[in-house]
Number of protein chains: 2
Amino acid sequence: MKKTKIKRTSWQILNSSKQRVTNQRALLLDILRKGGGHLDANELYERARRKQPRLSLSTVYRNLQLFKKLGLVDEHHFTEEHFHYEVKSGGEHHHLLCLGCGKVIEFTYPVGYQLREDISRGCGFEITGVEVRMVGLCSECRK
Amino acid sequence: MKKTKIKRTSWQILNSSKQRVTNQRALLLDILRKGGGHLDANELYERARRKQPRLSLSTVYRNLQLFKKLGLVDEHHFTEEHFHYEVKSGGEHHHLLCLGCGKVIEFTYPVGYQLREDISRGCGFEITGVEVRMVGLCSECRK
DNA sequence: GTTAATGCAAATGTTTTGCAGTATA
DNA sequence: TATACTGCAAAACATTTGCATTAAC
């Protein structure tokens, strides 16, 4: 079985946590990576089935949970409908959702640190994550 | 039927949009208002049934959708489990979620405007909403 | 009296779980 | 070979919908 499809780092993470590197996992991670980051479970399933028609939806869900647990992907809830998953990209980034077409754009903005400081001091919280979400209309949908 | 339980503004909004002011709607809005803002559909249902045991869950869902449409409540997805609803409080405010106990704290922070400007210019988006979400551990859960 | 809103039950859609068979290490 | 992972089917769960009845206007 080919293992080249799954990046070394992911492979290492799976391996070092005693998780087996299966065909299905390699494929799912590959699709998530290529998918631009914002796929829901069903979309991931559809795409994966084009390559592995026997793959089941439960496998998709089980592995998304595993990837989440291992920190390989992040889960977002932009709309009321579905969860979206994206491969983690290290740096803190935020999201911009177009209400017209549903497109999600990532952006970085150095707001985290100052905000962290202020809020942390104000509420006694230990802050572990910050995310800014904005919604609006993209240039195309404004027409 | 008593209508005093439902604030004048909400009553006006319902009335002016040709929606009937029912017992159930008055009760639901009342509970949402008292609930500190962060209730999910089922919690709202449970509390409402203490006062109106015959009230049905579909009524809760139907009215939450109506309230959303009229702009009376906001919907948030903090965790993977449920949606949370809160009555709108006019001013832009953000949320802080404790990963230990699930507590949600609101805070205001003047980050919106500058961020709006910068991002709007950068992506050509027309920004209609901004929300900052932070997760962490509250002072009690840190012990 | 009209018509919108409700309660109930059934339908939908997504996510989870049990289990026997399969593939990885 | 041992056991973790998979596929399948069924279960669980939240949310929505159809329809006859009830209540607001």
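As a basis for the values below, the full set of heavy atoms in this structure was taken, side chains included, without hydrogen atoms, waters or symmetry mates. Order of the sequence lines fixes the chain letters, A, B, ..., with proteins taken first and strands second; residue numbering starts at 1 for each chain.
- B:M134 CE to B:H94 NE2: the interatomic distance, rounded to the nearest 0.5 Å, is 10.5 Å.
- Separating the CG atom of A:N63 from the P atom of C:dT17 is a distance of 15 Å, rounded to the nearest angstrom.
- Summarising the geometry, the separation between CD on A:E43 and C1' on C:dT15 is reported as 18 Å, rounded to the nearest angstrom.
- Under the 4.5 Å side-chain criterion, counting only non-hydrogen atoms from C-beta, A:L96 is in contact with B:I127.
- We find the CG-CD distance between B:L70 and B:Q65 to be 11.5 Å, quoted to the nearest 0.5 Å.
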Exercise for the section: Could you walk me through whether A:L44 and A:L64 pass the side-chain contact (heavy atoms from CB on, under 4.5 Å) test, one step at a time? Expected result: CA-CA 10 Å; A:L44 178 57; A:L64 280 174; 3.9 Å; yes
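- The listed nucleotides are C:dT15, D:dT15, C:dG7; the one nearest the side chain of A:A41 is C:dT15.
- The CG atom of A:L29 sits 14 Å away from the P atom of D:dC5 (whole-angstrom rounding).
- Distance CD (A:Q65) to P (D:dA4): 18 Å, rounded to an integer number of Å.
- Comparing B:K18 and B:R49, the nucleotide of DNA chain C nearest to each residue sits closer to the 5' end for B:K18.
- Look at CG on A:L27: it is 10 Å from P on D:dG7, rounded to the nearest Å.
- Within the structure, a side-chain polar atom (N or O) of A:Q24 is placed less than 4.0 Å from OP1 or OP2 of D:dG7.
- Panel note: side chain A:S120, backbone A:F125; a donor-acceptor pair is recorded below 3.5 Å.
- In this structure, A:L57 and B:P53 both approach DNA chain C, and ranking their closest nucleotides by distance from the 5' end singles out B:P53.
- A close approach under 4.0 Å does not occur between any side-chain nitrogen or oxygen of B:Q19 and OP1 or OP2 of C:dA4.
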Mind listing the N/O atom pairs, protein and nucleotides 18-22 of chain C, below 3.5 Å?
| from | atom 1 | to | atom 2 | distance (Å) |
| --- | --- | --- | --- | --- |
| C:dG18 | O6 | A:R62 | NH1 | 3.3 |

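- Contact check, A:T22 against D:dA4: no side-chain N or O comes under 4.0 Å of OP1 or OP2.
- Side-chain proximity of B:R20 to the nucleotides C:dA5, C:dT6, C:dA25 is greatest for C:dA5.
- Atom-to-atom, CG of A:L66 to P of D:dC5 comes out at 7 Å; the value is rounded to the nearest Å.
- A distance-only check finds no donor-acceptor pair linking the side chain of A:N63 to the backbone of A:L66 [under 3.5 Å].
- If you check distances only, the side chain of B:R54 never reaches the base of C:dT6 with a donor-acceptor pair under 3.5 Å.
- Rounding to whole angstrom units, OH of residue B:Y45 and P of C:dT6 are separated by 14 Å.
- When distances are taken from the side chain of B:Y61 to each of C:dT14, D:dA2, D:dA14, the shortest belongs to D:dA14.
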Exercise for the section: Under the salt bridge (Lys or Arg N to Asp or Glu O under 4.0 Å) rule, what do A:R50 and A:E46 come out as? Steps first, then yes or no, please. Expected result: CA-CA 7 Å; A:R50 290 182 208 147; A:E46 295 294 349; over 6 Å; no
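- When rounded to the nearest whole Å, the span between CD of B:Q52 and P of C:dA5 equals 16 Å.
- Side chain of A:R25, nearest nucleotide from D:dT15, C:dT6, D:dC5: D:dC5.
- One N or O on the side chain of A:R25 and one on the backbone of A:R20 form a donor-acceptor pair closer than 3.5 Å.
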